[in-house]
Structures are given as structure tokens and as C-alpha cells.
Chemist: 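Following this message is one structure expressed as C-alpha cells.
Proteins come first, then strands; the chains are lettered A, B, ... in the order of their sequence lines, and each starts at number 1.
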Amino acid sequence: MKIENILALAVAKAVKELYQADVEEQQVQLQKTKREFEGHLTLVVFPFLRLSHKKPEDTAQDIGQWLAEHEPAVEKYNVIKGFLNLSIAPGFWLHVLQSIHADADYGIRQAGADAPLVMIEYSSPNTNKPLHLGHVRNNLLGWSLAQILQAAGNRVVKTNIVNDRGIHICKSMLAWQRWGNGETPQSSGRKGDHLIGDYYVAFDKHYREEVKNLQQQYEQEGMDADSAKAKAEKEAPLIKEAHAMLVKWEQGDAEVRRLWQMMNEWVYAGFDETYRALGVSFDKIYYESDTYLVGKQEVEDGLARGLFERHEDGSVWADLTDEGLDKKLLIRSDGTSVYMTQDIGTAKLRFQDYAIDRMIYVVGNEQDYHFKVLSILLDRLGFKWGKSLRHFSYGMVELPNGKMKSREGTVVDADDLVKEMIGTARRTSDALGEGRQDKQDGMDEAEKNEIARIVGMGALKYFLLKVDARKNMMFNPAESIDFNGNTGPFIQYAYARIRSILRKAEAEGCAMPEQVEADVPLNDKEQALIQHLADYAEIVMEAAEELSPSVIANYCYDLVKEFNQFYHDYSILHEPDAAKKRLRLVLSAEVAKVIKSGMQLLGIEVPERM
RNA sequence: GGCUUCGUAGCUCAGUUGGAUAGAGCAACAGCCUUCUAAGCUGUGGGCCAUGGGUUCGAAUCCCAUCGAAGUCACCA
């Protein structure tokens, strides 16, 4: 049982006996005692004043006295204003440490066969360009959320919806046809998604040129600038050709489909590589080309049931004005489907494939409105899960000079970023290796590279996950990523140091004790560490409930900070008192265990040495 | 303009059922490697928690207004 619960119970009892008043266990406010005061847990007594009819100090004194006499876990207490600071007996902390020590999967709940099934959609790339930093944030958040939900006892299905059809793909296809000379990833040595991205950019470049020329022509014919531009954007030969290609695609034209198939395969091969580097994967991948017709059918059915309206030009709309929203287009006048229609189809297929209890979409906050509408539409269409779908809305990554825009070339490419992080990690390791002691002593090249990969990716992942996902975040390519301070490598380093100590202890023949011995005295830092470890199980549940990887990240950082202070002040291997040494070995091992577990929930690996 | 979200140190960020003197890291300065890995530890300086009201024993946290930023309001996805 957790110490907070034990004390809450005891406090309720104390109030009952002292003031003859009933207090719910829930109402008892216990918080960690601030560093500058003595004690471990602090009771806020203000809520009890109306029961005691006494001053805060006296009330705290009363309750403290009672607890010290009746509750064995409370060793002593002190009162500062309305705050009752309680010191917990060392024996209790040893007991807590033992329970953590005995549980190999401490903090993790196994999902039973009847556990809730959560489907989590993330990544959702377009197949016309490579992944960038924004996608990286999405992928890492999605993966981490899946790990956290699983650790909290849910069954989790990770899914991806690939936007593999539409005008954007046709643009790349057209550009490749026109200027590609049959270039392939193999012939050019270029990663497939980048190759396709190049042609998308090429299309845009030529298209803009056409628009510019046409606009000039229209203006000379007497149009004003704005309408000339609008007309030019529609009339440019390239965009008309792309549209014609899209129509052919929808009609199933064999030639176009073959090209589409081939180029998408290139992109998928490229994405797979990036996903592998990021350490993410999916249980089930959906393709928009498979789901958009389902969505269209669903909308037609809804139309037949009078849920939607068809305009004169043939387009289909949902009227959401009674919900305080606008009217929303579902099917274009030319009969093709839009984004919303496809999402309806995808949702339907998913719930056919899985008995989903909970659906979570990891999608950027620029789509808040979209998911609000999707939820209402699914509900109206009669899907009982429509109302309860959850849009995990995360903020965008901003660059010092503004938003990332692929057209303006202000994107941070995912592959480049990964490469750069790993390279920086390697150079940092090499530089530190030249110091007083060679950290890389005895490592071969492969091992050095593997550590650089783990550390570089750890830095990147931690940087993106430690901040509150809902907020926009700033990424300064020049100086943002650091390997010191509140970073992934800081935590990984602490882990590697502990592992090193444990290896040395083992080599000395000092085996890890099965049991934590009772009656070993504890100093403040040891107690604080145990108290910190004791929170982990609750932190995991909290992270799952709030869907917040940053809760885990910040917990791990605090834990490591605490450990580092301990590590600095006390020796472990050189501790002369054998019982004390055994205790510290257990304590260190448990800190390492929790770090590893927490980092795993963030998708971050920990190195045995670095 | 309507709606949504956000505003905490020079910079990047923590701070959730309202609790003590608002915390880290980076950057600056000053210390600590002859003992377990210095990617570390210790110290100094740095704050009108955007602004103004309100709610109460108590507000960075809850409510209202104002200012500022971002997103969205497409026959793009």
C-alpha cells in the first residue's frame, strides 16, 4: 500500500477522534515536503480548520501528535504555519524498496484479454514528399503514447493512414513523367521518398512559372491582379494535366495506376527506412486509396437517410449550423471525395476490423476543427464511438524564422536531422574519449557507432517529448539540441554509470541481494530516492490518463538529478559498511530499472556504457 | 471578424483536484577530476508568472475583460 494512502487513512481517523468529524480519505491533501523543510510528506491542514475551530498551528500540532502516537509509519513531525511535515520511519522506506526490488516489471501493468482495446493512429504521411520535423514529433508522440497506454494495462493497436492518392501525388507523377528520364531510386542512389519529393518541388517550380506568365497575360488583357492570378492558377496547363491524371486514376486507367503503384513503392521503401531509424512501427496500415470509396458510400447512405443535403451542382454537404459550426462539404460537385469523406471511410473499416473501445488520433492542432466535425458526423451517421473519439492534438514545431513550409524550403528534413544528431553524438563521444580517461577504451568501431546512434536518437526524442505536446515548440537547429542538462543523454549517461558500477560489483563477486535487509539506517538522499522511485507506478498511470509523455520525461529527469546528487556525495562500491553497500547496490539497480522503463515508454534506448 | 489554443528568467521549458520563499536547463561568472564514467556536481547573479479586475484563509493555477502570438473558418490533405 502506498504511504500516501496509509497516511490519508490515518489522518481521517485522527480528525475523527480529535474533532468528532468525518473526513473522506480523498479530501486529505498530502504533498511532497519541500526541500528546505524537514520531512517527507506534508499535510495541508487549512481544510480542517472549520472542523477543529482552532488556529492552523494548533490544528497541525494536534494531528501531528496523534499520528506520531498512533501511526507507526510516522516517525516524527514538525509544524510550520498551516503545514504539518511528517517524517516517515526508515523501516517503511526499506519495505517500499523491497517491494520495488521484487517486481521485475515495476510500474507496468499487463493487459489481460479483456483489457480495453485502444487504437492509436499516428504518422499519417502524404506520399509526395519525405518526412520532416513535424512528422518526427508526430511519430515519437504516437509511439510513446502507445507504449504508455500499454504500460497502463490497455491493449493497443498502432495504426497509420497513408494518404496515397490525390492531386498531390499526381503532381509528382506528372513531373517525373515529364522530366524524369526514367530515373529510379536505384539508378540515382536517391532515397525513394526524397526522389519523389524532388519531383513534387520541380512541379511546383514549373507550375508557378506558368502561373506567373499567364497572370501577366491576363493582366495585359485588362484583368485586375487578384482575379488574374486566380484564373492563372486554374488555367495553367500543368495543373490541368495533373487534374486530368487524377481523373484517369479514379477511372482506374492501367497506365496511370501502374506509375502510381511504382512511385508509391519507392516512397514506402524510403519511409520504412525513416521509421526504422525513429524506432516506430505499426500493427496495421490503412491506405486512403482503399478507404475513400467506403467513405463515399457512407455519405451516400447518409444522404439517402436525409442526414445531408445535395446542392444543385451535385455536391453533398452536412449542415452543422445547429452545432454552432458551418456547413461542410463531403463530396465535390465532380463526384470526388474530400479529406473528411475519407476519414469517415477509414473509421468505418477500422471498427469493422477491430473491437475498438477507444480511438485516438495523433494529428496536429491545425486540424482541431476537422476532428470536431468528424466526431459529429460519425455520431450522426450512427457510429456509437463517434462522440468519444479522441483527437490528440499537438502543437507545431516552429523554427526561429517562422513556420516550416516545404515550398519555401524552410523544412527540417527527418533523415537529415537523424543523421546530424547521430553524427554529433559520435563527435561528442570522441572528444570526451580523449579526456583523462578513455571512455571508448576497448570499443570497436561498430560499438562506437551503435552508442552514437542510441545517444543521438535519445537526444532528439527526449527533446521533442519532454515538452507539453499541446503547445507549439521552438526548434533552433543551430543550438536547440544539447547533450547537457535536461536532455536524453543526461539520463542515458546516468544509466550507463549505474550499469558500470553494477558490473564492477558483480566482477568483485558482490552479488545483488535478493532481499533488502531491515534495520539498515538510511540517509536523507537514500530516503528521497526511494520515495521518488515509489512514485513511478503512479506517474505511469497519470501519463496514460493525461496522454502525456512529458510527464514521464520530466519524472525521469528529476529522478536522475536526485540520483546524481546521491552519487556525488556517497560512494557505492567503496562503502566500507557491507550492509550499507548492499543497500546502495539495490537502490542503484532500482534507479537504473526505473530509468530504463521510463525511457522505454518514450521510445528511447539506454546504453550499457557511453 | 467568429471560434480554438497559448503568454512563466535574456533563450528553451517544468510547474493539474488552488497551498509554504515560483523551479530546471542553456547562456554568464566562480569552484570541484590521485576513490564507483566530469555528457557530472556545488555556488552567484537573473521574475510585475502579459495587463487589469474578481472569487478566498490562500491564485502562475479558477472566472471576466484587455493586449499580444499561433491555428482555423477551402470543391487542399
Chemist: Taking syn as within 90° of 0 and anti otherwise, name the glycosidic form of B:rC63.
Modeler: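 Base orientation: anti.
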Chemist: A:Asn564 or A:Lys32: which one's nearest nucleotide on RNA chain B is closer to the 5' end?
Modeler: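 Nearest nucleotide further toward 5': that of A:Lys32.
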Chemist: Students often get this wrong, so: under 4.0 angstrom with heavy atoms, is A:Tyr369 touching a base, only sugar-phosphate, or nothing?
Modeler: sugar-phosphate
Chemist: Do you know which two heavy atoms are closest between A:Asn523 and A:Lys580, and how far apart they sit?
Modeler: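 Looking at all heavy atoms of both residues, the shortest contact is N-NZ, 4.1 Å.
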Chemist: Let's test your reading of the model: under 3.5 Å, does the base of B:rA14 pair with the side chain of A:Ser550 as donor and acceptor?
Modeler: no
Chemist: Within the structure shown, what part of the strands sits under 4.0 Å from A:Asp468 by heavy-atom distance: base, sugar-phosphate, or nothing?
Modeler: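 Since only primed, P, OP1 and OP2 atoms lie under 4.0 Å of A:Asp468, the category is sugar-phosphate.
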Chemist: Counting distance alone, no hydrogens or angles: does the base of B:rC75 have a donor or acceptor under 3.5 Å from a partner atom on the side chain of A:Ser333?
Modeler: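 Checked by distance alone, the answer is yes.
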Chemist: Would you say B:rU37 has OP1 or OP2 under 4.0 Å from some side-chain N or O of A:Lys504?
Modeler: yes
Chemist: Using only side-chain N and O atoms of A:Lys471, determine if any of them is under 4.0 Å from OP1 or OP2 of B:rA14.
Modeler: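 Yes, A:Lys471 has a side-chain N/O under 4.0 Å of OP1/OP2 on B:rA14.
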Chemist: I'd like to check, for A:Phe46, whether its ring lies over the base of B:rG19 with centroids under 5.5 Å apart and a plane angle smaller than 30°.
Modeler: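 The base of B:rG19 is stacked with A:Phe46 (centres under 5.5 Å, planes under 30°).
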Chemist: Rounded to whole angstroms, how far apart are CG on A:Asn554 and P on B:rG15?
Modeler: 6 Å
Chemist: Taking CE from A:Met474 and C1' from B:rG25, how many angstroms apart are they, rounded to a whole number?
Modeler: 17 Å
Chemist: Using a strict cut-off of less than 4.0 Å between a Lys/Arg side-chain nitrogen and an Asp/Glu carboxylate oxygen, indicate whether A:Glu235 and A:Lys240 qualify as a salt bridge.
Modeler: yes
Chemist: For A:Glu542 and A:Ser429, find the nucleotide of RNA chain B closest to each by heavy atoms; which residue's nucleotide sits nearer the 5' end?
Modeler: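 This one resolves to A:Glu542.
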Chemist: Does B:rU37 have its OP1 or OP2 closer than 4.0 Å to a side-chain nitrogen or oxygen of A:Ser500?
Modeler: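 Yes, A:Ser500 has a side-chain N/O under 4.0 Å of OP1/OP2 on B:rU37.
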Chemist: Compare side-chain N and O positions of A:Arg332 against OP1 and OP2 of B:rC76 and report whether any pair is under 4.0 Å apart.
Modeler: yes
Chemist: Is there side-chain contact between A:Tyr567 and A:Ile498, with at least one heavy-atom pair below 4.5 Å?
Modeler: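 Sidechains of A:Ile498 and A:Tyr567: no contact.
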Chemist: Report the distance from atom NZ of A:Lys171 to atom P of B:rC76, rounded to the nearest whole Å.
Modeler: 10 Å
Chemist: Could you check whether any side-chain heavy atom of A:Leu559 comes within less than 4.5 Å of a side-chain heavy atom of A:Tyr536, counting everything from C-beta outward?
Modeler: no
Chemist: Is the base of B:rG40 stacked against the aromatic ring of A:Phe490, taking ring centres under 5.5 Å apart and planes under 30° as the test?
Modeler: no
Chemist: Whole angstrom is fine here: how far is it from CD in A:Glu398 over to C1' in B:rG7?
Modeler: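 In whole Å, B:rG7 C1' lies 13 Å from A:Glu398 CD.
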